[in-house]
Amino acid sequence: MKITVPTSIADITVKKWIKLSKTDDVVKRVAILCDIKQKTVMSMTIESMETVNSLLEELEDPSQTEFELFPIIELKGEKYGIHPNLSELTVGEYADLETACVDSDANLLQILSILYRKVTEQSKDFYQIAPYTGSENRKIFNEMTMDKVFSLLAFFLNIGLVFMKDSVQSLEGVER
């Protein structure tokens, strides 16, 4: 039997990632990521199982990877774009995002549906997205790949680091 093992984070969908985050059981994790039954995993040799599991552990540690931000993605033939001006988030977007981020693993689909919405108009690198309603289709993001998710998270982490450095620098000039 031939088993396909993901070789990069781009081979893992959000749906698989969510399932993966709900278990620490190695057999279940290998079954989820390789799209095989647990019974098949149980029939693997220990050496094969350890090899596959070590590959999967490497995939889950994206810290050594450089991520390119994907401002526009395509899912099921539709284009979705990150909010083009994050300083103009509505109160509803911000409140829902803040609430969802309390448990980002459980609310990943909601977070993605707030930040990525259907592109309504596009001209080269400029685009507009549909207004936020709070009832966006979250399930569409199940098919998004984790390289795009991690690139989005890395983007926000980098923004946070820049703001933190700027805050420190601006406070250094203030007398206490």
Side-chain angles (χ1 to χ4, degrees), residues 2-23 28-37 55-56 58-163:
K2 184 179 178 181
I3 297 173
T4 304
V5 180
T7 57
S8 84
I9 204 75
D11 297 331
I12 301 172
T13 64
V14 169
K15 184 176 185 176
K16 282 186 184 182
W17 189 264
I18 291 170
K19 286 181 184 178
L20 180 68
S21 71
K22 293 179 181 179
T23 184
K28 287 180 183 177
R29 293 161 54 85
V30 170
I32 290 166
L33 288 169
C34 296
D35 289 322
I36 56 176
K37 296 183 188 275
L55 286 170
L56 298 177
E58 285 178 34
L59 292 176
E60 288 186 289
D61 181 15
S63 63
Q64 301 303 316
T65 308
E66 295 258 340
F67 292 103
E68 168 194 346
L69 182 63
F70 297 91
I72 296 177
I73 60 169
E74 192 168 320
L75 297 169
K76 297 190 178 188
E78 295 278 350
K79 288 184 178 182
Y80 292 81
I82 295 174
H83 197 295
N85 190 343
L86 294 171
S87 65
E88 292 182 3
L89 286 176
T90 65
V91 172
E93 288 168 316
Y94 185 80
D96 288 350
L97 192 56
E98 188 173 43
T99 302
C101 286
V102 169
D103 187 354
S104 57
D105 285 340
N107 299 318
L108 183 55
L109 293 174
Q110 181 183 7
I111 292 166
L112 293 172
S113 73
I114 295 168
L115 294 173
Y116 275 105
R117 290 201 300 284
K118 277 190 184 179
V119 173
T120 56
E121 290 183 44
Q122 183 177 4
S123 176
K124 297 185 182 181
D125 291 338
F126 298 97
Y127 60 92
Q128 291 182 355
I129 57 173
Y132 182 67
T133 65
S135 60
E136 281 72 18
N137 179 7
R138 298 174 187 175
K139 291 183 181 181
I140 191 86
F141 295 100
N142 273 319
E143 301 310 312
M144 188 173 178
T145 54
M146 290 305 296
D147 61 322
K148 292 175 178 70
V149 174
F150 282 136
S151 74
L152 183 64
L153 297 176
F155 170 75
F156 282 106
L157 179 60
N158 287 333
I159 285 177
L161 291 173
V162 168
F163 287 155

Trainee: Pair Ile32, Thr23 - check side-chain contact (heavy atoms from CB on, under 4.5 Å), show working.
Mentor: CA-CA 10 Å; Ile32 290 166; Thr23 184; 4.2 Å; yes
Trainee: Please list all pairs passing the ring-ring contact (aromatic ring centres under 6.0 Å, His included) test where one or both residues lie in residues 70-92, with sequence neighbours left out.
Mentor: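 Passing the test, one end in residues 70-92: Tyr80-Phe141.
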Trainee: Kindly write out the residues that satisfy side-chain contact (heavy atoms from CB on, under 4.5 Å) with Lys139, not counting sequence neighbours, or none if the list is empty.
Mentor: Asn137, Asn142
Trainee: Which pair of non-hydrogen atoms, one from Ile36 and one from Val30, has the smallest distance, and what is that distance?
Mentor: CG1-O, 4.3 Å
Trainee: Checking Lys76 now: which residues fulfil side-chain contact (heavy atoms from CB on, under 4.5 Å) with it, not counting sequence neighbours?
Mentor: Ile140, Glu143
Trainee: Going by salt bridge (Lys or Arg N to Asp or Glu O under 4.0 Å), name the residues that satisfy it together with Lys16, two or more places apart in sequence or in a different chain.
Mentor: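 Residues passing salt bridge (Lys or Arg N to Asp or Glu O under 4.0 Å) with Lys16: Asp35.
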Trainee: How far apart are the closest heavy atoms of Gly81 and Ile129, and which atoms are they?
Mentor: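 Scanning both residues, the minimum pair turns out to be O-CG2, 3.5 Å.
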Trainee: Do any pairs count as a ring-ring contact (aromatic ring centres under 6.0 Å, His included) and have a residue in residues 99-131, sequence neighbours left out, and if so which ones?
Mentor: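 Output for this query is empty, none listed.
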Trainee: Take Ile9 and Phe150 through the side-chain contact (heavy atoms from CB on, under 4.5 Å) test and state the conclusion after the steps.
Mentor: CA-CA 9 Å; Ile9 204 75; Phe150 282 136; 3.5 Å; yes
Trainee: Going by side chain to side chain donor-acceptor pair (under 3.5 Å), name the residues that satisfy it together with Asp11, two or more places apart in sequence or in a different chain.
Mentor: Thr7
Trainee: Rounded to the nearest 0.5 Å, how far does CG of Leu152 lie from CD1 of Ile82?
Mentor: 5.0 Å
Trainee: Which distance, rounded to the nearest 0.5 Å, do you find between the NZ of Lys22 and the CZ of Arg29?
Mentor: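 Here the rounded value is 14.5 Å.
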Trainee: Strictly by side chain to side chain donor-acceptor pair (under 3.5 Å), give each pair with a member in residues 103-113 just once, sequence neighbours left out.
Mentor: none
Trainee: Could you tell me the separation between the CD1 atom of Ile12 and the CD1 atom of Ile18, rounded to the nearest 0.5 Å?
Mentor: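 Going from CD1 on Ile12 over to CD1 on Ile18, the span is 13.0 Å.
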Trainee: Under the side chain to side chain donor-acceptor pair (under 3.5 Å) rule, what pairs show up with a residue in residues 84-98, not counting sequence neighbours?
Mentor: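 Output for this query lists Asn85-Ser87, Asn85-Glu88, Thr90-Glu93, Glu93-Arg117, Asp96-Tyr132.
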Trainee: Could you measure the distance from the CD1 atom of Ile73 to the CE atom of Met144? Nearest 0.5 Å is fine.
Mentor: 4.0 Å
Trainee: For a quick test of reading the model, state the closest non-hydrogen atom pair linking Met146 to Thr13 and the distance between them.
Mentor: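 Closest approach of Met146 to Thr13, heavy atoms only: CG-O, 4.0 Å.
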Trainee: Would Ile114 and Ile111 count as a side-chain contact (heavy atoms from CB on, under 4.5 Å) here? Give the steps.
Mentor: CA-CA 5 Å; Ile114 295 168; Ile111 292 166; 5.7 Å; no
Trainee: Of all residues at least two apart in sequence or in a different chain, which pass the side-chain contact (heavy atoms from CB on, under 4.5 Å) check with Thr133?
Mentor: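 Thr133 satisfies side-chain contact (heavy atoms from CB on, under 4.5 Å) with Ser135, Glu136 only.
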Trainee: Please name all residues satisfying side chain to side chain donor-acceptor pair (under 3.5 Å) with Gln128, sequence neighbours left out, ordered by chain then number.
Mentor: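 Residues passing side chain to side chain donor-acceptor pair (under 3.5 Å) with Gln128: none at all.
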Trainee: Of all the heavy-atom pairs spanning Gly134 and Arg138, show the shortest one and how long it is.
Mentor: O-NH2, 4.3 Å
Trainee: Run the side chain to side chain donor-acceptor pair (under 3.5 Å) test against Lys118 and tell me which residues pass, sequence neighbours left out.
Mentor: none
Trainee: Can you name the side-chain contact (heavy atoms from CB on, under 4.5 Å) partners of Ala10, sequence neighbours left out?
Mentor: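 For Ala10, the residues satisfying side-chain contact (heavy atoms from CB on, under 4.5 Å) (neighbours in sequence not counted) are Ser8, Asp147.
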